[in-house]
Amino acid sequence: MRIVRYQVNNAPPRYGWLSEGLIGEIKGDIFGEYRREEATIPLDDAHLLAPACPSKIVCVGRNYAAHAREHNAEVPKVPILFMKPPSAIINPGDPILLPPQSQQVEHEGELVVVIGKRARHLTPEGAKDYILGYTIGNDVTARDLQRLDNQWTRAKGFDTFCPFGPWIDTDFDPSDAVITCRVNGQLRQMASTRDMIFNVGSLLAFISSIMTLEPGDLIFTGTPAGVGPLHEGDVVEVEIEGLGKLSNPVKAA
Ligand code: ZN
């Protein structure tokens, strides 16, 4: 099932499910008991919103060896974690705003895990029972500021630096799917999720040994090689085979 969050006209946001270009409302709790209404709303009549409201966004650095190498960084022995604030979230199609403090804002196309149940001390094998599904993310990064700072809160945390969506796919298999990132149609990044250093199960085990994960929390699983600059007027598209495509324009703040 593909889960969306959407608005029709100015009605309050609702969760829905997608069926052949139509949305049906989901009544109840997407993390618990719910009922699916018949899908009758054309996708074009709805405004798609970021499909989850996380309490936190945990990100993994250098989880593809080729990306670590392009920054002359070592391949990590344990996952490198950092966080993005929920205030950085934007909807699919909303603009990424280039802040005046940075001269080098870059895209990072990533597979994103959406947590389905409160999780602590997971095992790699048991982690999948705590996943609601998967979505597509762009871990937008002010690379020049990242290089200046010992930690990355500033470089990763600007408003609009966390586009994700357009939906959550509950049936997606993350073991071997191609991720691509294009800017103005030009290919920048391409790799398979099979090339991750730490797979989804081991990442969730590691992260949940540190902090409790809540329903709706996001895990950005790292970006492949090929990250590069975004400029005013660009359109950046992150696509994951079998999952969909996330597209955002780029504007000056
Ligand atoms: Zn990243």
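Heads up: numbering here begins at 1 and tracks the sequence. Quick note: numbers below take in every heavy atom, side chains included, and nothing from hydrogens, waters or symmetry partners. In listed order, ligands and their atoms are each counted from 1.
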Side chain to side chain donor-acceptor pair (under 3.5 Å), that's the test. Do Q101 and R154 meet it? Break it down for me. CA-CA 10 Å; Q101 297 96 317; R154 176 168 69 144; over 6 Å; no
What heavy-atom pair brings M211 and R120 nearest, and what distance separates the two atoms? N-NH1, 3.7 Å
For S202 and N199, does a side-chain donor sit closer than 3.5 Å to a side-chain acceptor? yes
Check E110 and report its N/O/S atom nearest to the Zn ion (ligand 1), by atom name. OE2
E108: its N/O/S atom lying closest to the Zn ion (ligand 1) (atom name): OE1
Considering just N/O/S atoms, say which atom of D139 is closest to the Zn ion (ligand 1). OD2
So, using side chain to side chain contact (heavy atoms under 4.5 Å, CB included) as the criterion, who are the partners of R188 when residues are at least two apart? H107, V183, P229
